[in-house]
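Chain identifiers are assigned alphabetically (A, B, ...) following the order of the sequence lines, protein sequences preceding nucleic acid strands; residue numbering begins at 1 within each chain. What you see is a predicted model, and the numbers here were worked out from it, not measured in a lab.
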Protein chains: 2
Amino acid sequence: MIAKGLPASPGAAVGRAIFSSHKAIEMGEGGEKVILVRKETSPEDIGGMAESQGILTSRGGMTSHAAVVGRGMGKCCVVGCGAITVREEEGYFEVDTIKVKEGDTITLNGSTGEVILGETELVEPEISDSFKTLMEWADNTRRLGVRANADTPYDAKVARDFGAEGIGLCRTEHMFFGKDRLPIVRQMILAKDKEERVRALQKLLPMQKSDFKAIFKVMENLPVTIRLLDPPLHEFLPAREEEIESVAGEMNVSIKVLKDKVASLHEFNPMLGHRGCRLGITYPEVYDMQVQAIFEAACELAREGQKIIPEVMIPLVGHVNELKLTKLQVIKVAEEVMGRFGVQLNYFIGTMIEVPRAALTADEIAREADFFSFGTNDLTQMTFGFSRDDAGKFLPSYKEKGILERDPFVTIDQTGVGQLIKMAVQKGRAANPKLKVGICGEHGGDPLSVEFCHRAGLDYVSCSPYRVPVARFAAAQGVLKEK
Amino acid sequence: MIAKGLPASPGAAVGRAIFSSHKAIEMGEGGEKVILVRKETSPEDIGGMAESQGILTSRGGMTSHAAVVGRGMGKCCVVGCGAITVREEEGYFEVDTIKVKEGDTITLNGSTGEVILGETELVEPEISDSFKTLMEWADNTRRLGVRANADTPYDAKVARDFGAEGIGLCRTEHMFFGKDRLPIVRQMILAKDKEERVRALQKLLPMQKSDFKAIFKVMENLPVTIRLLDPPLHEFLPAREEEIESVAGEMNVSIKVLKDKVASLHEFNPMLGHRGCRLGITYPEVYDMQVQAIFEAACELAREGQKIIPEVMIPLVGHVNELKLTKLQVIKVAEEVMGRFGVQLNYFIGTMIEVPRAALTADEIAREADFFSFGTNDLTQMTFGFSRDDAGKFLPSYKEKGILERDPFVTIDQTGVGQLIKMAVQKGRAANPKLKVGICGEHGGDPLSVEFCHRAGLDYVSCSPYRVPVARFAAAQGVLKEK
């Protein structure tokens with residue numbers, strides 16, 4: 001072992017150290033086993049992560065981008081390995097006096113966080129009969145439903161095989177990062193007016209529709225919660241000088257135009273910026289396209305005789321009026337599509353509860369919502385005032401000095417964040433007794449947090465596909481501990 | 001009138017348009033009347049703002065840096081004037097076809113937000129006898145105390161003259177930006193180890209001490225709440241390439257060392273980053289120096305027979321353990337100093353309530369605190385999930401579409417943020433009946449918010465010195481409306 005980071009996603013991986021997603025894709029597609037090594041990953045790295053055996057980052061915590069995506073992909077991942085210095089552009093990383101160059105073989109242990117020089121022999125995992133028996137017992141005991149967070153048909157399939165009873169969070173932005181999509185998304189962002197923006201969105205429509213159709217098919221008879229576009233738009237644009245130049249060339253716009261756009265979209269605190277339903281409110285045409293894609297996909301399958309249960313989820317609501325306005329817009333498009341297809345779907349419109357104000361005013365919001373889904377990652381960030389991407393600078397000393405017993409991004413903080421959750425469940429159900437309540441943050445796969453959700457009376461938890469068995473088990477333990 | 005922005009700080013100003021703080025200081029000191037025009041201002045602009053007649057920015061809202069500092073200085077200020085394009089480096093701004101170059105004279109109306117080309121005649125304001133009578137009536141009626149936010153002896157004097165009954169917020173970071181201080185602060189940040197850091201802090205100590213002594217003197221017999229260092233450290237370092245190069249030269253360090261430091265301090269969401277008591281916990285020596293300066297200043301004056309009432313305020317507490325740990329540290333230094341001087345001061349240790357979690361767990365926190373002071377700017381940011389620096393991109397359409405009736409950074413959101421305040425007052429007083437409760441956010445000078453604070457049972461509001469009369473008046477109206 002040459003270094004140790006945080007065990008962000010379990011499993012083991014052997015491969016050649018590679019320092020760019022671009023190269024990882026090239027080598028991965030060529031059949032090479034690679035491990036993507038980065039300071040940290042961003043949505044643009046998704047392709048490279050998918051082609052890698054494992055991911056290693058020097059920065060970030062248990063809910064950093066690399067960790068969340070790694071777990072979602074069921075891919076071995078070690079993050080926040082501060083002992084290594086990654087020089088992406090020079091193509092090597094260093095630990096003390098050891099220099100690991102591009103192409104050198106390393107092994108990761110995602111269950112312990114260990115980084116090992118050279119190749120280590122791996123053992124394929126097997127699912128034993130006793131595992132199946134245990135899961136049956138758990139399912140017969142638990143009251144809490146278990147869903148999965150899945151953005152692709154593949155993830156949805158894995159989730160279903162692991163016993164997920166629906167999708168609790170399908171993040172549509174991941175579909176916008178596909179190689180064939182990103183250029184169109186960028187056209188949409190650079191559009192001079194609404195008309196031009198709508199033209200770009202029309203090109204995305206058939207792609208989004210086929211995405212949803214494929215996921216709905218896998219999840220037939222089970223509910224699928226689709227979250228409308230959430231991240232700030234600058235995440236889809238390049239940030240570094242060289243990238244801006246090359247993207248401007250590809251897009252056939254001047255470097256100045258692209259730079260001005262990047263500058264105008266710059267935010268001091270993107271986490272608290274122009275994202276979620278705020279985007280849907282300032283650019284209604286974006287959500288219109290997504291809703292149209294969802295309902296056209298569902299109607300086509302319904303016509304073929306399949307039972308599809310779409311749940312449209314509106315992100316980042318903090319004030320009931322945001323939900324009211326966006327909901328009217330969703331209903332309008334949904335009804336138009338169903339009318340056109342002559343199909344009546346049983347669909348639901350709900351909201352994430354991830355802004356503290358939403359929890360505080362859950363009674364008002366519940367009157368407009370079919371369901372609540374707690375986005376506990378963001379709720380934890382805002383309730384503590386911790387940016388998950390930056391907290392690595394002080395959280396370690398917080399644990400060391402006994403200020404926090406546990407990382408609140410791993411296990412739900414019951415006193416603070418949990419208080420908001422309980423308040424929202426109570427106020428929400430009092431105002432709307434039919435309200436369905438779940439959680440789709442990363443905490444949905446953490447045993448202690450699952451037990452808390454059981455006690456708080458939630459209807460379901462939703463977690464990464466590979467954590468579904470853990471959640472089923474923890475949900476049963478919640479019941480047993482009551483006795 | 002050539003453009004209209006937000007009326008961030010009332011009054012009127014005439015002067016030559018100047019695009020850098022550096023130039024504004026040079027010309028202002030030379031006796032010229034200038035107006036500082038910037039895209040937005042940052043703490044490094046404070047010197048230039050002080051030398052200007054007025055401030056005009058193209059970005060930012062009613063609680064942007066320019067607005068808050070402008071009000072604090074009692075300086076006419078127009079912000080968020082999106083119609084103008086500011087080219088700081090080229091030295092001009094544009095509105096439609098009009099180009100205003102460096103040195104051209106403009107007039108600002110801070111009460112309406114108007115920007116006027118050329119010189120307009122100004123009228124000096126006068127305080128009439130009826131104003132004084134009205135204020136006497138208000139003071140005889142109100143229950144709520146009124147303090148001021150003041151960081152300098154000058155501000156403290158203005159505040160006292162306007163009837164402030166103490167300082168509710170003295171921001172120590174503003175003292176770190178002084179010309180003679182900043183280089184030492186930067187040495188402290190670049191220190192290789194604790195020892196080197198302590199050496200730099202020892203150089204700051206006498207300066208901080210004289211700052212506090214001067215403010216204490218002005219506020220004799222009245223309480224002075226001093227907030228320990230709050231902003232993230234990168235605010236004290238240069239950000240742009242050219243600046244980094246010149247500062248590296250001044251500091252006699254290599255450009256690489258400075259760049260690496262800037263990079264290592266970079267944060268994705270500084271608002272939710274390594275700041276407030278998180279700094280005090282990771283670098284206890286910083287708070288130690290500040291507390292030593294506070295108590296040495298107070299003890300020296302006490303020896304001269306003055307009555308000094310220091311209140312040490314710990315920022316950004318979200319968990320009671322943060323307060324516990326920091327409080328112990330404050331007590332240790334305070335007792336050491338008082339022992340050395342043979343003086344026993346009546347001092348208090350309290351906390352800002354600005355993180356939602358602090359309000360939710362106010363009972364736990366109140367057991368460790370002598371006072372709470374609601375930092376409603378940050379509390380609004382985190383409760384809504386709005387970055388005040390970025391919200392300008394969607395807040396206008398939120399008002400237009402009727403989602404929000406009022407800008408929550410101007411008038412307190414009673415349903416959401418107000419709910420947290422009421423909860424914290426209730427829980428806090430139940431756990432500690434002696435708890436003193438105030439507010440020191442910008443809302444402390446907004447009449448509707450002051451009335452809310454009265455109804456919520458707060459002990460005092462604290463606002464910019466120039467808004468003290470408004471707060472006294474609104475506090476009286478709160479009482480009258482009860483009847």
Side-chain angles (χ1 to χ4, degrees), chain A residues 232 264-276 278-279 281-282 316 318-322 324-325 354-361 364 378-398 401-405 408 413 415-420 423, chain B residues 232 264-276 278-279 281-282 316 318-322 324-325 354-361 364 378-398 401-405 408 413 415-420 423:
Chain A
S264 82
L265 289 180
H266 169 78
E267 293 184 312
F268 293 95
N269 297 287
M271 165 69 208
L272 309 174
H274 194 180
R275 50 175 284 243
R278 300 165 195 174
L279 282 176
I281 286 164
T282 46
L316 215 68
H319 194 293
V320 63
N321 288 344
E322 295 172 308
K324 268 190 193 165
L325 196 83
E354 53 189 336
V355 171
R357 198 182 183 284
L360 291 164
T361 59
E364 296 179 0
D378 279 7
L379 192 60
T380 299
Q381 295 195 82
M382 296 185 211
T383 304
F384 271 92
F386 286 172
S387 159
R388 72 175 188 189
D389 294 310
D390 303 312
K393 284 174 185 153
F394 54 87
L395 275 190
S397 68
Y398 268 43
K401 296 188 181 189
I403 293 174
L404 292 177
E405 209 184 323
D413 156 50
T415 319
V417 179
Q419 189 182 145
L420 278 179
M423 182 191 299
Chain B
S264 83
L265 289 179
H266 169 79
E267 293 184 311
F268 292 94
N269 297 288
M271 164 68 210
L272 309 174
H274 194 179
R275 50 176 283 244
R278 300 167 194 173
L279 282 176
I281 286 164
T282 46
L316 216 69
H319 194 292
V320 63
N321 288 345
E322 293 173 310
K324 267 190 194 166
L325 197 81
E354 53 190 335
V355 170
R357 197 181 185 285
L360 291 163
T361 60
E364 295 180 359
D378 279 8
L379 192 60
T380 299
Q381 294 196 80
M382 296 186 211
T383 305
F384 270 92
F386 286 172
S387 159
R388 72 176 189 188
D389 294 310
D390 303 312
K393 282 173 186 154
F394 54 88
L395 274 190
S397 68
Y398 268 43
K401 296 188 182 191
I403 292 173
L404 291 178
E405 209 183 323
D413 157 52
T415 320
V417 178
Q419 188 182 146
L420 279 179
M423 183 192 298

Side chain [X], main chain [Y], donor-acceptor under 3.5 Å:
| X | Y | value |
| --- | --- | --- |
| A:Asp390 | B:His274 | no |
| B:Lys324 | A:Ile403 | no |
| B:Asn269 | A:Met271 | yes |
| A:Lys401 | B:Glu322 | no |

Under a 4.5 Å heavy-atom cut-off, does chain B meet the side chain of [X], its backbone, both or neither?
| X | value |
| --- | --- |
| A:Leu265 | backbone |
| A:Gln419 | side chain |
| A:Asp413 | side chain |
| A:Glu364 | side chain |
| A:Thr383 | both |

From [X] atom [atom1] to [Y] atom [atom2], the distance as rounded to the nearest 0.5 Å:
| X | Y | atom1 | atom2 | answer |
| --- | --- | --- | --- | --- |
| B:Thr415 | A:His319 | OG1 | NE2 | 6.5 Å |
| B:Met382 | A:Phe386 | CE | CZ | 10.0 Å |
| B:Leu272 | A:Asp389 | CG | CG | 10.0 Å |
| B:Tyr398 | A:Ile281 | OH | CD1 | 3.5 Å |

